[in-house]
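What follows is a set of notes on a single structure, which appears directly below.
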Amino acid sequence: MEFMGDRATLLETGRFVQPHAGDVADAIDAAVRADHTGKGRSDTGHDDTDGNSADTVETAGAEARHRSAADAGDTAAMSVLGALLLRRGDLDGAEPYLRGATADGDRAAANNLGVLLHQRGYADEAAGWWRIAAVAGSAAAAHALGRHFRERGDEPAAEYWLRQSAEQGHALGAYALADLLEHRSDVGAERWLRTAAEQGHREAAYRLARALERRAAAECRTTDGVGSLVGTGPAEPGPARDAARRARRGEDGARSAGVGGAGRSEARRHEPAAAVTGPGAVGSTDPALRVLADAETAAGEHLGGRRARDGRPGASVSGAQERTVERGGALLDEAAQWYRQAAARGHRRAALYLGAILERRGRLKEAGRWYLTAAKDGEARAACALAFLLRDAGDEESAAVWWLRAAQDGDGNAANALGALHAARGEPQTAERWYRAAMDAGDVNGAYNLGLLCAAQDRTAQAEQWYRRAAYAGHREAANALAVLLLQAGDPVGAEPWFSKAAEAGSVDAAFNLGILHAGRDDDRTALTWYERAAAAGHTEAALQVGIALLRDGDEQGAERHLRCAAGGGSAEAAFRLASVLDARRPPPGPPALGEPVAEKCECEEWYERAAEQGHRRAQVRVGMLAAARGDMADAARWYREAAEAGSRSGAFNLGLLLAREGSEREASLWWTRAARAGHGRAALRLALLAARRGELAEGQRWCARAVELGPAEVTERAARLREALLQELTA
C-alpha cells in the first residue's frame with residue numbers, strides 16, 4: 001500500500017501534465033499497447049487515452065524527424081521516439097529517451113518506462129514509474145500497477161489501482177478488476193465485466209455471458225423444473241452433463257433396462273471438454289449444413305403441428321413461476337448476445353456456447369455455423385458438438401469426420417462417439433480401440449462402454465472388469481451394470497451395495513432395480529420406497545409399480561397419478577390399469593333411446609386403445625367389448641382377432657361369439673377350440689352345446705368335462721347338468 005500516496009500533491013507540481021487531445025506521444029503509446037495486447041492478454045499497462053492511430057508516424061522518415069527533435073531536447077519527440085523503439089524491442093535505445101521525457105513530466109513516457117523496466121525484470125522499479133504515471137491520470141499505468149500488486153499478493157492495493165483504471169474507462173482495467181472481484185465471489189464483478197465488454201473486450205464479453213447463463217440456470221432451477229428454459233448451454237467445460245442435452249443425448253452412456261440387462265453401448269453427449277486441431281474435410285460440411293437446415297425446418301413443422309394439436313401447455317405454471325422463467329429467458333437472451341459479440345471477435349469458446357444455445361432453440365443451421373467456426377479455430381468440443389448435430393440430421397459421414405478430428409487430439413467424448421459408431425457398424429475391434437482412447441483421455445465413459453461391448457460379446461469377466469473400473473471412478477451407470485452382472489451370477493449380496501451406490505449417485509435404473517431386489521425378498525415397504533424414488537425421477541416402470549401398490553392399498557387417487565405418469569411414458573400395462581380405474585368409475589350405460597346419437601369415446605376407452613395399439617391383449621379385448629357395446633361390430637371383430645392371434649383366450653372366445661351371431665359357426669368353433677384348449681371354460685361349454693346340437697354326444701360329453709374342470713362356478717354347474725343330460729341320452 002506504500003504506492004497509494006497523495007495523488008493531488010504530484011498533480012499540483014505541474015511536472016506530470018495531463019495530455020491534450022491528439023498528443024502524438026499518446027498516439028504512439030496506444031500503438032505500442034495495441035501491439036502487445038494483440039498477442040494475448042496484456043502484460044503491460046500502456047496509456048491509451050487517445051484512439052489516434054500511430055500508423056502515420058511509423059515510417060523511417062518520421063522516426064528520423066523525432067530523433068532529431070528528441071536530440072534537440074523536445075520532450076514530446078523523446079516520448080514518441082522511446083515508444084517507437086520500445087515497440088520495436090530496442091530496449092537499450094528506448095530507455096534514455098523515455099527517461100529524458102519522464103524527467104520533463106511526460107505521463108506516457110513514465111508509463112512506458114515502467115513497461116521497459118518490467119520487461120527487463122525490474123518489477124519494483126517499474127511499479128514506481130507506473131505509480132507516478134497513474135497518479136498523473138494514466139488509466140493504463142493504473143491497470144499495470146494493479147496487476148503488479150495482484151501478482152505480489154497485495155489484493156487491497158491491486159483493487160485500489162484497478163478501480164482507478166476502470167473508473168477512467170480503461171477496458172483492460174475494468175476486466176482485471178472484474179477478475180479480481182470474481183475471484184472473491186463479489187457480486188460487483190458482473191458490473192465491471194459489462195463495462196469492459198461494452199468497450200469491446202472479447203474475454204469480458206464471454207465471461208459476462210457465462211455469468212448471465214449461470215444466473216439464468218439458477219432462475220430456472222427455482223421453478224422446480226416447471227417451464228425449463230429452452231437454450232441453456234453446456235456447463236463449464238470439464239465435469240460430466242446431461243445438457244444436456246440429448247441425454248440429452250445420453251446422460252452417462254446407455255441406461256440399463258432394469259435387472260437382467262446392462263443396456264446398449266452409446267456415446268455420452270455431455271459438455272464439450274477439450275481443444276483440437278488437425279486435418280479434416282471441412283469443405284464437406286457445407287452440404288452437411290444444408291442437411292441441418294432441412295432438419296431444422298422439419299423439427300419446426302413437427303413442433304408447430306404438435307402445438308396445434310395440443311392447444312394447451314404441457315404443465316400448469318403459477319404466475320410467480322412464469323415470471324421467474326421469463327427472467328431466466330431474458331438473461332439467457334442477453335447471454336446469447338454477449339456470446340455473439342465475443343464469437344464475432346474470434347473467441348472460439350463463445351462460438352461454442354452460442355452454438356449450444358441456438359441448437360437447443362432448434363436453430364440448427366445457425367448453431368452448426370458457429371460450431372463450425374469454433375471447430376476450425378481448434379475447439380475440439382465444438383467439433384464434437386457439430387458431429388452430434390450432423391449425426392442427428394442424418395449425415396453420419398460428416399459427423400465421423402469431425403469426431404475423428406476431435407478424438408485425434410484427445411477429446412474423450414468424440415472417441416466414445418466413434419466407438420459407438422463402429423460398434424453399431426459391427427466393428428467391435430475398432431470400437432474397442434476408440435473406447436480405450438476415450439479412457440486414456442480421462443473419460444470414464446470409455447471404461448463403461450468397454451464393459452457394454454464385452455457384455456454384448458458374452459465376455460462377462462472382461463465386462464465385469466471394465467464396469468468395476470468405471471464404477472470405482474464414480475460412474476453410476478457402470479455401478480448399476482456391475483450390480484446387474486453380479487445379480488445374474490447369483491450374488492445378490494454383492495450386487496446390493498453397487499445398486500445402492502448407483503442409486504445414491506442418481507441412477508434412476510439402480511433405484512428401480514433396488515425396488516425389484518427388495519420386492520423379491522417380500523420387503524414391499526422398502527421396495528415401494530425405491531420405486532417411488534425412481535418414479536419421481538421419471539422412471540416409467542417404477543411409476544407403474546407405485547401405482548399398482550397404491551391401488552392395492554386403496555389409494556385410488558395416488559395410484560391414478562402414478563399410472564398417468566407411467567402411461568404417458570409409454571407403458572401399455574399402466575395405460576390398461578389407468579383405463580380400468582377410470583372404467584370402474586363410469587355409471588352403467590342405460591339402454592339407448594331411439595334416434596339417440598352414438599356416444600363418443602370416453603377417456604377410459606382412449607387409454608384402452610393406447611394400450612391395445614401397443615399390443616396389450618387384455619386392452620385389445622376390452623376395446624373390442626366397448627366397440628361392440630357401441631354397435632361397431634367391425635371394429636370389435638378387428639380388436640378381438642388381434643388379441644386372439646396374439647394368444648388371448650378371451651379374445652378368441654369373444655371373436656367366436658361375434659362370428660356365431662353372424663352365422664359363421666364353423667369359424668366360431670375354431671376360435672372356441674383355441675380358447676378352450678388355452679383354459680377358457682365358457683369356450684369349452686359353447687363347444688359342448690355345439691356338439692350336442694349336431695348330435696355328437698360323446699364329443700359334447702368330452703367338452704362338458706373340460707368345462708367342469710375349468711370353471712368358473714356358473715360354467716361348472718351348467719356343464720355338469722349338460723353332461724348329465726348327454727349321459728342319459730347316450731344310455732337311453
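Along the sequence shown, residues are numbered consecutively beginning with 1.
For the pair Leu354 and His347, the minimum side-chain heavy-atom distance is 4.5 Å or more. Residues Arg184 and Leu180 have side chains in contact (heavy-atom distance under 4.5 Å, counting atoms from C-beta outward). Leu404 is listed as a side-chain neighbour of Leu418, based on a closest heavy-atom distance under 4.5 Å. Put simply, the side chain of Phe149 does not reach to within 4.5 Å of the side chain of Glu159, judged on heavy atoms. The shortest side-chain heavy-atom distance between Arg163 and Leu181 falls under the 4.5 Å cut-off. Residues Arg391 and Asp395 form no side-chain contact, since every pair of their non-hydrogen atoms from C-beta on lies 4.5 Å or further apart.
For Ala205, the side-chain contact (heavy atoms from CB on, under 4.5 Å) partners are Ala197, Trp338, Gln341, Ala342, not counting sequence neighbours. Here Arg436 pairs with Glu432 under the side-chain hydrogen bond (donor to acceptor under 3.5 Å, both in side chains) rule; sequence neighbours left out. Qualifying ring pair (Phe, Tyr, Trp, His ring centres under 6.0 Å) partners for His562, counting only residues two or more places apart in sequence or in other chains: none. Looking at residues two or more places apart in sequence or on another chain, you find a side-chain contact (heavy atoms from CB on, under 4.5 Å) between Ala415 and Ala407, Trp434, Ala437, Ala438. A search for side-chain hydrogen bond (donor to acceptor under 3.5 Å, both in side chains) contacts involving Glu182 returns Arg207, not counting sequence neighbours. With sequence neighbours excluded, no residue forms a salt bridge (Lys or Arg N to Asp or Glu O under 4.0 Å) with Glu167. The salt bridge (Lys or Arg N to Asp or Glu O under 4.0 Å) check on Asp440 picks up nothing, with sequence neighbours excluded. By the side-chain contact (heavy atoms from CB on, under 4.5 Å) test, Ala566 is found to be paired with Thr540, Ala543, Leu544, Ser571, Ala574, residues two or more places apart in sequence or in another chain being considered. The side-chain contact (heavy atoms from CB on, under 4.5 Å) search around Ala479 returns Ala471, Trp498, Ala502, not counting sequence neighbours. Glu397 pairs by the side-chain hydrogen bond (donor to acceptor under 3.5 Å, both in side chains) definition with Arg425, not counting sequence neighbours. Scored by the side-chain hydrogen bond (donor to acceptor under 3.5 Å, both in side chains) test, Arg533 finds Glu504 as partners (sequence neighbours excluded).
Judged purely by distance below 3.5 Å, without hydrogens or angles, the side chains of Asn449 and Asn416 pair a donor atom with an acceptor atom.
Of the charged side-chain nitrogens involved, at least one lies within less than 4.0 Å of a carboxylate oxygen, so that Arg361 and Asp333 count as a salt-bridged pair. Salt-bridge formation is not detected for the pair Arg363/Glu359: no Lys NZ or Arg NE/NH1/NH2 atom is positioned less than 4.0 Å from an Asp or Glu carboxylate oxygen.
Partner of Tyr339 under the side chain to side chain contact (heavy atoms under 4.5 Å, CB included) criterion, chosen from Glu334, Arg349, Glu213: Glu213.
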Show your reasoning for whether ring-ring contact (aromatic ring centres under 6.0 Å, His included) applies to Trp403 and Phe388. CA-CA 8 Å; Trp403 277 328; Phe388 276 107; 5.2 Å; yes
Between Asp411 and Asn413, does a side-chain hydrogen bond (donor to acceptor under 3.5 Å, both in side chains) hold up when you go through it step by step? CA-CA 6 Å; Asp411 186 275; Asn413 194 28; 4.9 Å; no
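Sorted by first and then second residue, the pairs that involve residues 336-346 and meet salt bridge (Lys or Arg N to Asp or Glu O under 4.0 Å), not counting sequence neighbours, are Arg340-Glu366.
Using a 30° and 60° split on the angle between ring planes, Tyr175 and His201 fall in the parallel class, below 30°.
Going from atom NE2 of His143 over to atom CH2 of Trp161 covers 14.0 Å, rounded to the nearest 0.5 Å.
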